[in-house]
Colleague: 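One structure follows; several queries about it will come next.
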Amino acid sequence: MKVTVKLFATLRKYLPPDATGGKAEVELPDGATVRQLVERLGIPQSAARLVMVDGEHCPELDTPLQDGQTVSIFPPVAGG
Amino acid sequence: MSGGWTGRVLRVDLSRGEIRVEPLRTDWARDFIGGRGLGARYFFEEVDPRVDPFAPENKLIFATGPLTGTNASCGARYMVVTKAPLNGTITTSNSGGHWGPALKFAGYDMLIVEGRAPEPVYLLICDDQVTIRPARHLWGKGVWETEEKIRDEVGLPEVRIASIGQAGENLVRFAAIMNDLHRAAGRNGVGAVMGAKNLKAVAVWGTGGVPIARPRDWMEAQWQFRRRLRESPVTSEGLPQFGTAVLVHVINESGALPTKNWQLARMKPDETGSDAEKISGETLKAEYTIRNKACFACTIACGRVTHVSEGGKVRHAVTTSPRNWNLAGEGPEYENIWALGCDTNVDDMDAVIKASFLCNDYGMDPISFGATLAAAMEMYEKGYIDDQITGMPLPFGSADALVAMTEATALRRGFGKELAEGAKRLCEKFGHPELFMGSKGMEFPAYDARAIQGMGLGYATSNRGGCHLKGYSVKAEILGVPYKMDPHATKGKAELQKKLQDSTGAIDASGICLFVGFGSELDDLLPLLNAATGVDYTLDDLLKAGERIFNLERLWLLRAGFTGADDTLPERLLKEPIPYGPSKGEVNRLHEMLPEYYRLRGWTEQGEPSAEKLAELGLDKLRAG
C-alpha cells in the first residue's frame with residue numbers, strides 16, 4: 001500500500017530524496033503501522049512527538065495504516 | 001522579604017509633573033507576587049472600573065516581578081496593566097526584551113503613570129534621577145526612529161526604551177507599547193492609553209542589580225532551572241530552531257487554523273486557493289531567518305531576526321527601517337503570521353513580514369489588526385461594503401490590501417479610520433455584528449475554538465477578552481505538553497482551563513516568561529521564587545496566588561459592568577460547523593463546559609465569585625459592588 005507522509009520542522013531531513021514541498025509517497029506492506037513508517041524513514045522514535053493520520057491526532061504508534069492515508073509527523077514543538 | 005523585589009514604586013503624575021518614590025506594599029507583594037498580580041492589585045485599589053480608558057484618571061502601570069532582571073532563565077518580563085481602550089476590560093499585557101530588567105536595575109518594581117501631560121513628553125529614568133522631557137520632536141515618529149533619537153540625545157548607549165509609534169498617538173484601539181524595537185506589550189490597546197497621556201516613551205537606564213535573599217540557594221536553583229529547560233526538546237530545540245512560527249503547519253494539519261475570518265479552519269490549495277507551506281515556520285527559517293534571538297537572560301531564544309531583501313522577487317520592500325537594522329527586523333511570530341496571513345488568506349511571506357515589521361514600527365497589535373482586516377474582507381466579499389467605503393479592493397488574499405491597510409490603520413487614514421476601531425465596532429457600524437470573531441470585545445488569536453474545545457472555554461472566560469495566553473490549553477489539546485488530551489472532547493476541559501489559568505497567573509506574576517511552561521512545571525519555579533524573595537512559598541501558595549489574581553481581575557470586570565453573559569463565543573463558533581478537514585462538523589460546545597467551570601471556580605451560576613471563595617482567597621473585602 002501507499003501512504004503520503006508529511007514531515008515538519010527538524011524532521012524534514014528524514015524525507016526520501018524524491019520528496020517535494022515537505023511530503024512524499026511511501027510504499028509499505030499492507031497493514032503496516034505508524035511505528036513501521038517511522039522506522040522506515042529512520043526517524044528516532046522520541047523525535048516523532050506528534051503524529052496525525054488524516055488530521056486526526058494519533059498518539060498510539062501501533063495504529064495500523066490504510067492505503068491512501070496521509071501521515072503528518074512533527075518533532076516536539078511549541079509556540080504561542 | 002529581603003530580595004527579588006526592590007521594594008520601591010515610582011509614581012509619575014503627568015498632569016502635575018510630579019515624581020514620587022514610594023515603598024512597595026509588601027503585604028500585597030507577598031499575596032500577589034508581582035507583574036500581573038501586583039499591578040492588578042494596585043490598579044484595583046486606585047482606578048474606578050467605569051473610567052473612560054482615555055481619561056487622565058485611567059492609570060498605566062508597568063509592573064515587573066521578583067524574578068525580572070535576575071539571571072533566572074527567561075526572567076525578562078514586565079506587564080502593562082490598565083483599562084483597555086479596545087474593550088473596556090482590565091488588561092495585563094506582557095512583554096520581554098530588556099526593558100523590564102532595566103527598570104529593576106534602576107531600583108523600581110513598578111512604574112505607575114497617572115494623569116495626562118499637557119504636551120507630548122517622554123520619561124527618562126536614570127536610577128534615582130527621573131525627569132519628564134519634551135517629546136514634541138518625536139511625535140509622529142515610528143518606534144524605531146524614536147528609540148534611535150532618544151538613545152542619541154540622552155547619550156546612553158545602554159538605555160532601554162519602551163515607546164509608542166503613530167498607532168498609539170492616533171489612539172488606534174489596538175495600539176501596542178513596544179520596547180527594544182520589536183518586543184510588544186501587544187494586546188488590548190495599551191499603546192493608545194500611553195498616547196492619550198501624551199507619553200511618547202519611557203527610557204530607562206539602571207546601574208543597580210536585583211537583590212537575592214538567599215544567594216547560595218539561588219545559584220543552585222537557577223542552574224537547576226536551566227537544566228530543566230535544556231533537557232526538554234521543546235525548549236532546547238523546537239523553539240530555538242523554528243520559533244513560534246512552527247505552529248502554522250501543526251495547527252493547519254489539525255484543521256484548527258482559522259482562515260478567511262473563521263469561515264474555514266485550514267489553508268489548502270483546493271479549498272482556499274492558498275498554501276500554508278508558503279508562510280510556514282519552515283519557509284521562514286529556510287528563506288528569511290538570519291538568526292534566532294533571546295530576551296534578557298533567556299536560554300530558549302525563540303525570537304527570529306529576519307529580513308526581506310530589496311528588489312528581486314520582493315514586492316513590499318521595508319523602507320522605514322532605521323540605519324542599524326538595515327532591512328532586518330524581528331518576527332514574525334506565529335500569531336502575526338496567522339492574523340496577517342491566514343485569517344486574511346494572504347499566503348505571501350514577503351507581504352506578511354512587511355506588514356509585521358510595519359506593525360512593530362507603528363506600534364500596533366498584529367493580531368487585532370489582522371483579524372479586523374479579515375472581518376472587513378468578509379464584509380467586502382459579501383457586498384456589505386464596497387470600494388466607495390474601502391477606497392480600494394479588499395478581497396481575501398490581497399497582499400496589496402494587507403500592506404496598504406496596515407499603514408492606513410496606524411495613521412487613521414481613509415478606511416483605516418474604521419479599522420482602527422477594531423473588529424467589533426467595525427462590524428457593528430456596517431450592520432454585521434455577527435462577523436466579529438472575538439469575545440468581550442477583543443479579537444481572537446490563532447486557534448479555532450471549534451477544533452480545540454478547551455481553548456474556546458479559555459477565550460470565553462479570559463479576563464481580557466479573546467486571548468490564548470491566560471490559559472493556553474492548546475498545550476495539552478494539540479501539542480501534548482505535558483500530556484495529550486483529545487481536542488474535540490469537552491470532558492475534563494473545565495478542570496484543565498481552571499488549572500492552567502491559575503498556574504498562568506502565578507507565572508505571569510513572577511516576572512518569568514510563560515514559555516518556560518513548555519519545558520518545566522510550576523513547582524520548578526518555587527526554588528527560584530523562594531531563594532530570590534526569602535518567602536517560603538509552597539506550590540499550593542503559588543496556585544492560590546494565581547487563583548487570587550484571576551478572581552481579582554474578575555471582580556474588577558464585574559464592577560466595570562461585565563456579567564456572566566459576556567462569557568461567550570460568537571454564533572459562528574457555537575452554531576456554524578467547520579466545513580472541511582479533520583475538524584469537519586465541529587462547533588464549540590461551550591454549554592457543556594461553562595457550568596462545570598463555574599462550579600470548579602467556586603462561582604455562582606451567574607459567574608460571580610462566591611463569598612466563600614473570596615474569603616478563601618483573602619479577597620472578601622473587595623466584593624463586587
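Just so it is clear, the values below take in all heavy atoms, side chains as well, and ignore hydrogens, waters and symmetry mates. Protein chains get the first letters and strands the later ones, always in sequence-line order, with residue 1 at the start of each.
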Colleague: Could you please spell out the steps behind the side-chain contact (heavy atoms from CB on, under 4.5 Å) verdict for A:Thr10 and B:Gln241?
Modeller: CA-CA 8 Å; A:Thr10 45; B:Gln241 286 202 31; 3.2 Å; yes

Colleague: Step by step, work out the side-chain contact (heavy atoms from CB on, under 4.5 Å) result for A:Val77 and B:Val234.
Modeller: CA-CA 5 Å; A:Val77 291; B:Val234 177; 5.9 Å; no

Colleague: State the CG-CD distance between B:Asp486 and A:Glu56, to the nearest 0.5 angstrom.
Modeller: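 Here the rounded value is 7.5 Å.
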
Colleague: Under a 4.5 Å heavy-atom cut-off, does chain A meet the side chain of B:His468, its backbone, both or neither?
Modeller: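 Contact with chain A is through the side chain of B:His468 alone.
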
Colleague: Side chain from CB out, backbone as N, CA, C, O: work out which of these in B:Leu239 comes under 4.5 Å of a heavy atom of chain A, or both, or neither.
Modeller: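 Contact with chain A involves the side chain of B:Leu239 alone.
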
Colleague: So, A:Arg12 and B:Glu277, do they make that salt bridge, N to O below 4.0 Å?
Modeller: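 Here A:Arg12 pairs with B:Glu277 in a salt bridge, since their nearest N and O are under 4.0 Å apart.
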
Colleague: Looking only at heavy atoms, which two atoms of A:Gly79 and B:Phe515 are closest? And how far apart?
Modeller: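 That would be C-CZ, 3.8 Å.
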
Colleague: How far apart are the closest heavy atoms of B:Leu479 and A:Arg49, and which atoms are they?
Modeller: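 Heavy-atom minimum between the residues: O-NE, 4.4 Å.
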
Colleague: Where on A:Phe8 is there a heavy atom nearer than 4.5 Å to chain B: the side chain, the backbone, both, or neither?
Modeller: both

Colleague: Can you check whether A:Pro75 reaches B:Glu237 side chain to side chain, under 4.5 Å on heavy atoms?
Modeller: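 Result no, sub-4.5 Å side-chain heavy-atom pair not found.
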
Colleague: Side chain, backbone, both or neither: which part of B:Ile478 has a heavy atom under 4.5 Å from chain A?
Modeller: both

Colleague: Using a cut-off of under 4.5 Å for heavy-atom pairs, which of B:Ser254, B:Ala256, B:Gly255 has the most such pairs with chain A?
Modeller: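 That would be B:Ser254.
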
Colleague: Tell me whether the count of non-hydrogen atoms from other residues, nucleotides or ligands lying under 6.0 Å of NZ in B:Lys484 goes above 12.
Modeller: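 Correct, the count exceeds 12.
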
Colleague: Measuring heavy-atom distances to chain A, does B:Glu335 have an atom under 4.5 Å in its side chain, in its backbone, in both, or in neither?
Modeller: both

Colleague: Any side-chain heavy atom of A:Met52 sitting closer than 4.5 Å to one from B:Pro582?
Modeller: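 A:Met52 does not reach B:Pro582 side chain to side chain.
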
Colleague: With rounding to the nearest 0.5 angstrom, report the CD1 to CD distance, A:Ile73 to B:Glu253.
Modeller: 11.0 Å

Colleague: Evaluate the side-chain contact (heavy atoms from CB on, under 4.5 Å) criterion for residues A:Phe74 and B:Val246: first the C-alpha distance (whole Å), next the side-chain angles of each, then the deciding distance (0.1 Å), finally the verdict.
Modeller: CA-CA 10 Å; A:Phe74 294 89; B:Val246 77; 5.8 Å; no

